Amino acid sequence: MIDLSTKYMGLNLKNPIIVGSCGLTGTLEGVMEMEENGAGAVVLKSLFEEQITMEISNSTTNLYTQHTEANDYFRYYEKMYHVEKYIDLIKQCKSKTSIPIIASINCRTADDWTTFAKKIEKSGADGLELNIFLLPSDSDRENQISEQLYIDIIRKVKENIKIPIALKIGYYFTNLATFINRLSQQEVEALVLFNRFFSSDIDIDDEKIIIGNSFSTPIEYLIPLRWIALLSDNTDCDLCATTGIHSGKSVIKQLLAGAQAVQMVSSLYLNKSEHLKKVLSDLENWMATKNYKSISDFRGKLSQSQIKDPSLFERVQFMKYQDATI
Ligand SMILES: Cc1cc2nc3c(=O)[nH]c(=O)nc-3n(C[C@H](O)[C@H](O)[C@H](O)COP(=O)(O)O)c2cc1C
């Protein structure tokens, strides 16, 4: 018997494949469909701090909101309304499914939204993923200021809840390894490497800005793969790989590099949720061929500290074309 179970963020997962935060996990039906197709856990669609703020600014055109107290009331109401819908979704998912349900907040400040985390915990969410991203595009802003904000957000949220926290981040940091290490020491249970961001593109015919491709391509798994391999032995928390994981093969690679779990999104949009079954059976078949009985038999086997030549994951320049096949 092959055992696909794993522990992630202190939660017991029947397998390491998590459906990442996206529109597919924004409804009870969507979450149930993912469970039916074998997901080990789901991260719900994010509650966006930005989205809430936008709702508030729309409502300020209302006459009543010109009064400061009324304005405060509407701000509060807007936040509660949005949050209440989210809380309902968590409760419904918890009552209708049996896989871990991880709530998600997309945030950029350590402001009052952090107290909402309490409601998320009370609603029964098994964990909370914080998707923090500040595009380091302000050339007057010192990197320490942006980085400290990540720490402040974690601390503020930790003051409010006891459920496990995962932090989903990008890779635009001055010294990625040092910063990831520092983050892993902030009592977060997991780091999710790496978020794939919405990108703008340019239409050269109409010469205007358009929405870039929302979905990843299967080659993008190489970015998290390198960093999971480099960091999985040196961080104080679990690592979860995300971006470009489209197949059983790329799941296996991330596990070999040391990931505790993986998240998939684009491939489920492109191939529908049944694709999860194929990915799981590919993982199971590979384990059978290799005679592995459980994930722990091979997880981290090819992380940087386990391979003969640790410099392989640090190599960044091509010397000869054929070197790419080392
Ligand atoms: C349509 C779509 C919606 C997404 N919505 C969210 C979201 O609400 N919160 C979040 O943290 N990530 C969101 N993401 C990012 C995914 O969770 C994931 O990190 C990213 O797509 C990389 O994984 P993939 O290569 O498997 O798609 C979204 C991605 C897509 C394609």
Side-chain angles (χ1 to χ4, degrees), residues 8-9 16-27 30-31 34 37 39-54 82-83 85-86 89-90 93 101-108 113 117 120 125 127-135 150 153 157 165-172 188 190-201 211-228 239-255 259 261-273 275-276 278-280:
Y8 171 64
M9 298 171 80
I17 300 172
I18 301 171
V19 179
S21 179
C22 66
L24 302 173
T25 61
T27 61
V31 172
M34 296 305 159
N37 284 291
V42 298
V43 183
L44 297 180
K45 171 82 186 149
S46 299
L47 185 63
F48 278 69
E49 187 188 339
E50 211 175 27
Q51 191 180 354
I52 297 166
T53 316
M54 213 189 300
H82 201 85
V83 167
K85 282 208 287 203
Y86 200 71
L89 175 65
I90 299 171
C93 291
I101 301 294
I102 301 167
S104 165
I105 299 183
N106 182 323
C107 52
R108 35 197 304 134
W113 68 265
I120 284 175
L128 176 62
E129 185 176 284
L130 298 174
N131 173 352
I132 310 180
F133 186 59
L134 308 161
L135 186 73
Y150 285 74
I153 293 174
V157 174
I165 296 177
L167 196 65
K168 182 177 181 182
I169 57 169
Y171 43 81
Y172 298 104
V188 286
L191 291 171
V192 183
L193 311 179
F194 295 102
N195 198 3
R196 184 174 189 275
F197 302 105
F198 168 87
S199 294
S200 304
D201 200 352
I211 296 173
N213 191 359
S214 312
F215 299 132
S216 65
T217 57
I219 199 69
E220 291 177 55
Y221 77 88
L222 288 169
I223 300 171
L225 186 72
R226 176 197 294 267
W227 292 97
I228 298 275
L239 296 183
C240 180
T242 183
T243 289
I245 302 167
H246 285 228
S247 65
K249 273 189 188 167
S250 50
V251 170
I252 296 163
K253 291 179 190 191
Q254 303 291 346
L255 296 172
V262 303
Q263 291 187 12
M264 299 179 72
V265 169
S266 293
S267 61
L268 301 176
Y269 273 100
L270 297 169
N271 304 301
K272 309 288 175 227
S273 52
H275 183 57
L276 281 169
K278 161 98 176 92
V279 173
L280 282 165

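Below, all heavy atoms of this structure are taken into account, side chains as well, without hydrogens, waters or symmetry copies. Read the numbers this way: they start at 1 and go in the same order the structure lists the ligands and their atoms. Since the structure is predicted, the reported quantities are computational estimates derived from the model, not experimental observations.
- Using a 4.0 Å heavy-atom criterion, the residues that approach ligand 1 are S21, C22, K45, S46, F48, N131, K168, N195, R196, S214, F215, S216, T242, T243, G244, M264, V265, S266, Y269.
- Checked options L268, L280, L270; the residue passing with H275 is L268 (criterion: side chain to side chain contact (heavy atoms under 4.5 Å, CB included)).
- When side chains are defined from C-beta on, Q263 counts as touching E129, because their heavy atoms get closer than 4.5 Å.
- Inter-residue side-chain proximity for V19 and M264 is flagged as unmet; no heavy-atom pair is nearer than 4.5 Å.
- Between I165 and L130 there is a side-chain heavy-atom pair separated by less than 4.5 Å.
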Exercise for the section: Kindly indicate, with the supporting measurements, whether the criterion salt bridge (Lys or Arg N to Asp or Glu O under 4.0 Å) is fulfilled by R108 and E49. Expected result: CA-CA 7 Å; R108 35 197 304 134; E49 187 188 339; over 6 Å; no

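- Smallest separation of non-hydrogen atoms from L128 and A117: CD2-CB, 4.1 Å.
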